[in-house]
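Would you mind keeping the following structure in view while I ask a few things?
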Amino acid sequence: MTPASAPALVQETPYRYRIEPTGRMRVPGVVFASPGLLPEVGGDQALQQVADVATLPGIVDASYAMPDVHWGYGFPIGGVAATDIADGGVVSPGGVGFDISCGVRLYAADLDAAAFAPRKEAVLDGLSRSTPRGMGKGAVWDLSGADQLAKVLASGAKYAVEQGHGVQRDLDRCEDFGAVDDADPAGLSERAVNRGLHQLGSLGSGNHFLEVQVVDAVRDQAAAEAYGLRAGQVCVMIHCGSRGLGHQICTDHVRAMEQAMAGFGITVPDRQLACVPVESDPGRAYLRAMAAAANYARANRQLLGQAAREVFERLTGAGLDLIYDISHNLAKVETHRVTGGDGAAGAAGAAGGAGQPRRLCVHRKGATRALPPGHPDLPADLRDLPDVGQPVLIPGSMGTASYVLTGVPGGPAFASTCHGAGRTLSRHQAARAVRGQELRRLLESRGIAVRGASWRGLAEEMPEAYKDIDAVVEAAEGAGLARAVARLVPVGVVKG
DNA sequence: ATGTGC
């Protein structure tokens, strides 16, 4: 059972640590972090969660933690776990998170920082008005009823664009080209549907934001150019998810699996790890509902992006081109080579060495897919470039830098990397440390325009409550998870 | 994250 003390870490390389399998762990734990990040790597609970995930039926290679790992519901945030579907591998809602398909969308404007500066306050005012946010209701698109919601759930951003809320490029550059096709709107609870009807096109709260950013430094010229980014360019980044709908779906299926688990002979060290085989009725039902929430989240970001685009065009004359849209809370059925999780196994597999290709259920919770160059699922215009992988969008905490990375060959964690800075202080600790008004003054004095939803919400997101995003990205690069393409700094933030 | 919470 769960050991009382924190699991011991053994350093394997400067950016890779191992938790030896003990007790019911089926595979080792692997933590990617720099020595500098490690002492505060989420505390004992996050590492214990890495070890607990390693006990899940069908898990292969290792239970992975990204450099931004911290404590979460059941699984750590910043966790990656893959299960072998044909070998009784499970799916767990806790491995996806409550905010199903929470993710990031980045647009680039045909506008440089100097030309934007005189318009900054007006644009931020415009974005503040066009971006419903905060707890509860208010949305860009109030749906007519369950029939229209079903279309959103089935077709995601594709439906939004079909209805005039966007352009073809928005789909070409979106993960899964705007929609996953195995969603089942009919399987959702009435509560999930009701919560979804009036929140489409809304940011939410917590760490969700819409930011105007400027490309501060380009680290990889070829990839930046292919993506459509240049130094000094103005960008818009949107970070949000599936709102109350995804939350309700997670709640519904955790409950169902808690009941169903015993029937499959599954016991877990923490009830928050409730899971069932992928190949089971409740497993398939969860994945289809999760897919519906993924489509809702994409449509959500599509609508918020379109509203921002209209503000930009009206006030600056510049359009917004989508760079990419990627989720960091999702499970996906993918084929990878499985090698047993020893050291360089993942890299060797990807290079065509040892390891059998298996159909896996890859859980990424607070972790971002990072496909290597040449992968068939890349956008068509990026697919045939030799050293350019999938765009990876890493939002920093409020007032700090964000990053664009690219997927690399031979990634050691099923083509995954970090998702952001990762919390170090609780919301409560942060709110006690600073007042929202004070924080806004500080950010404004550093040239960052702030449009908040609540003073408390602002305080909870103080930069000091998060890890250093530069160090997290450095560790991700050092561990061979991804490569930096561009660093972006905020000039204006609309907070949920 | 979330009509913050058994």
Mapping A/Met135 and A/Gly206 to their closest nucleotides on DNA chain B, which lands nearer the 5' end?
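The residue mapped nearer the 5' terminus is A/Gly206.
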According to side chain to side chain donor-acceptor pair (under 3.5 Å), does anything in residues 73-85 of chain A pair up with another residue at least two apart or in another chain? List the pairs.
A/Asp84-A/Arg358
For DNA chain B, which residues of residues 197-204 of chain A approach it to below 4.0 angstrom with any heavy atom?
A/Gln199, A/Gly204
What's A/Gly244 touching, base or sugar-phosphate or nothing? Going by heavy atoms closer than 4.0 Å.
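Sugar-phosphate contact only - A/Gly244 comes under 4.0 Å of backbone atoms but never of a base.
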Whole angstrom value for the distance that separates P of B/dT2 from CD1 of A/Ile249
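Those two atoms, CD1 and P, are 14 Å apart.
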Between A/His419 and A/His239, ring centroids under 6.0 Å:
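No, the ring of A/His419 stays outside the 6.0 Å limit from the ring of A/His239, centre to centre.
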Hey, is the side chain of A/Arg427 poking within less than 4.0 Å of OP1 or OP2 on B/dT4, counting only N and O atoms?
no
Presence of A/Thr251 side-chain N/O under 4.0 Å of B/dT2 phosphate oxygens OP1/OP2
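No.
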What is the separation between atom NE2 on A/His253 and atom C1' on B/dT2, rounded to the nearest whole Å?
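It is 17 Å, rounded to the nearest whole Å.
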In whole Å, what is the span from the CD atom of A/Glu460 to the P atom of B/dT2?
12 Å
Charged N-O contact under 4.0 Å between A/Asp176 and A/Arg298
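A salt bridge is present here (some side-chain N lies under 4.0 Å from a carboxylate O).
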What is the distance, to the nearest angstrom, from the NE2 atom on A/His208 to the P atom on B/dT4?
15 Å
Nearest whole angstrom, please: distance from the C1' of B/dT4 to the OH of A/Tyr73.
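For the pair A/Tyr73 OH and B/dT4 C1', the rounded distance is 15 Å.
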Please step through side chain to side chain donor-acceptor pair (under 3.5 Å) for the pair A/Ser416 and A/Arg364, ending with a clear verdict.
CA-CA 8 Å; A/Ser416 312; A/Arg364 296 188 183 88; 2.8 Å; yes
Mind telling me whether A/Tyr64 and A/Phe32 have parallel, tilted or perpendicular rings, with 30° and 60° as the class edges?
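Geometry flag for A/Tyr64 against A/Phe32: parallel rings.
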Between the side chains of A/Tyr159 and A/Gln148, is a donor N or O closer than 3.5 angstrom to an acceptor N or O?
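Side-chain D/A pair, A/Tyr159 to A/Gln148: present.
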Interatomic distance where OH belongs to A/Tyr296 and P belongs to B/dT2 [whole Å]:
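Rounded to the whole Å, the gap is 11 Å.
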Pairs where residues 249-259 of chain A contributes a residue and the test salt bridge (charged side-chain N to carboxylate O under 4.0 Å, His left out) is met, not counting sequence neighbours:
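Sorted pair list: A/Glu258-A/Arg271.
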Under 4.0 Å between any heavy atoms, over every strand shown, what does A/Arg456 touch: base, sugar-phosphate, or nothing? Just pick one.
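Nothing, no heavy atom under 4.0 Å.
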Rounding to a whole Å, what distance do you find between A/Gln272:CD and B/dT2:C1'?
15 Å
Between B/dT2 atom P and A/Arg255 atom CZ, what is the distance in whole Å?
18 Å
